[in-house]
Amino acid sequence: NMTNKRTQVIARLAILTALTVVLGYYTKLPTPTGMVTLLDLGVYFTAFYLGRKEGAVVGGLGAFLLDLVSGYPQWMFFSLLFHGAQGYFAGFKGKARYIGLLLGTVIMVGGYALASALFLGNNWGPALAEIPHNLVQNFVGMALGYALYHFLPKKGN
C-alpha cells in the first residue's frame, strides 16, 4: 500500500534525522567560529544506505535542528543548504559516487568558510582557520558513515 510505504519512509527519515542530531549534539568540539561534530556520520550513512534524496533530507534537517538546539541559530539556514547538498551529492551511486563525495565535501567545507567570512565582516583569517576542522569533520563522518553502511545488512528499500 502506497500510504504505508510513504509513512515508513517518513518514519525512517525522522529517526535518522533525530539520531544525526543526537550524534552531533553529544560530540561537539567547539572552535572559534562553530563546532566539529559527528553530524556528518549520519549524513553520509543515510546517503550511502538510502540515497541522495534521503541524504539531503537528513543532512539538511539534521544540521538545521542541531544548530537550533545548540545555540547557533545564525547558522541554521546555511547548515540546511550545506549539509543538505553534502548528503545529496554523497548519495550518488556507481562511478559518480567519487564526484559526489568531492562535491559534497567542497560545498560543505567551502560553504562554511564563505559564510564564516561574511559573518565576520569579510574577515577571512578565522574563516580559513576553520577549513581543517571542517575537513576533519567531513572525512571522519565519511569514513564512519561508510563503515556503518558496510556493517549493516542491506535490505530492499
Side-chain angles (χ1 to χ4, degrees), residues 6 9-94 96-146 148-149:
R6 177 172 278 167
V9 168
I10 291 168
R12 184 182 291 166
L13 292 178
I15 291 166
L16 285 166
T17 300
L19 288 171
T20 299
V21 172
V22 168
L23 270 174
Y25 191 80
Y26 288 104
T27 61
K28 283 187 284 204
L29 304 169
T31 64
T33 57
M35 55 185 164
V36 173
T37 75
L38 284 182
L39 170 95
D40 301 57
L41 187 169
V43 178
Y44 280 110
F45 168 76
T46 302
F48 294 151
Y49 199 77
L50 297 177
R52 60 184 185 214
K53 285 186 282 192
E54 295 85 350
V57 169
V58 171
L61 282 180
F64 181 89
L65 293 169
L66 177 61
D67 286 339
L68 178 67
V69 299
S70 298
Y72 294 95
Q74 71 275 23
W75 288 101
M76 289 169 64
F77 289 100
F78 292 107
S79 294
L80 178 72
L81 292 172
F82 303 153
H83 285 287
Q86 177 191 41
Y88 181 81
F89 289 119
F92 283 10
K93 302 284 185 217
R97 168 155 293 156
Y98 297 105
I99 292 163
L101 292 175
L102 178 65
L103 283 172
T105 298
V106 168
I107 290 169
M108 191 279 274
V109 175
Y112 277 113
L114 185 62
S116 285
L118 295 175
F119 273 140
L120 299 168
N122 225 8
N123 182 355
W124 281 90
L128 294 175
E130 279 301 300
I131 289 176
H133 297 286
N134 285 331
L135 283 170
V136 167
Q137 176 174 310
N138 181 77
F139 289 120
V140 167
M142 189 186 293
L144 293 176
Y146 190 73
L148 185 60
Y149 163 69

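The chain is numbered in sequence order, starting from 1.
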Do Y72 and L66 pass the side chain to side chain contact (heavy atoms under 4.5 Å, CB included) test, and can you show the C-alpha distance, the side-chain angles, and the key distance before you say yes or no?
-> CA-CA 8 Å; Y72 294 95; L66 177 61; over 6 Å; no
Would L41 and V140 satisfy side chain to side chain contact (heavy atoms under 4.5 Å, CB included), going step by step from the backbone distance to the final call?
-> CA-CA 7 Å; L41 187 169; V140 167; over 6 Å; no
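The nearest pair of heavy atoms linking A85 to I107 is CB-CG2, 3.7 Å. Closest of all the heavy-atom pairs between S70 and Y25 is OG-CD1, 3.6 Å. Summarising the geometry of G55 relative to V43, their closest heavy-atom pair is O-CG1, 4.3 Å, with the distance given to 0.1 Å. What you find for G59 and H83 is that their closest heavy atoms are O-CB, 3.3 Å. P73 and G71 get closest at one heavy-atom pair: CD-C, 3.2 Å. Closest of all the heavy-atom pairs between S116 and A127 is CB-CB, 3.6 Å.
When atom types are taken as modelled, the side chain of R97 and the backbone of F92 share a donor-acceptor pair closer than 3.5 angstrom. Side-chain atoms of T20 never come within 3.5 Å of backbone atoms of G62 as a donor-acceptor pair (strictly under, hydrogens ignored).
A distance of 5.0 Å separates CG of L101 from CZ of F48, quoted to the nearest 0.5 Å. The line from CG of L81 to CZ of F64 is 10.5 Å long, rounded to the nearest 0.5 Å. Note that CG of L114 and CZ of F78 are 8.0 Å apart. Values are rounded to the nearest 0.5 Å. Annotation: the span from M108 atom CE to Q137 atom CD amounts to 5.0 Å, rounded to 0.5 Å. How far CG of L61 is from CG of L80: 6.5 Å, rounded to the nearest 0.5 Å. The NZ atom of K53 sits 15.0 Å away from atom OG1 of T46, with the distance rounded to the nearest 0.5 Å.
Side chains of I15 and L19 form a contact here, defined as non-hydrogen atoms less than 4.5 Å apart. Side-chain atoms of L16 and F45, non-hydrogen and from C-beta on, do get closer than 4.5 Å to each other. Between M142 and D40, every side-chain heavy-atom pair lies at or beyond the 4.5 Å cut-off. Put simply, the side chain of T105 reaches to within 4.5 Å of the side chain of L135, judged on heavy atoms.
There is a side-chain donor-acceptor pair under 3.5 Å between Y112 and S79.
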Distance-only donor-acceptor pairs under 3.5 Å for side chains of residues 117-126, two or more places apart:
unit_1: N122; atom_1: OD1; unit_2: W124; atom_2: NE1; d: 3.3
unit_1: N123; atom_1: OD1; unit_2: G125; atom_2: N; d: 3.2

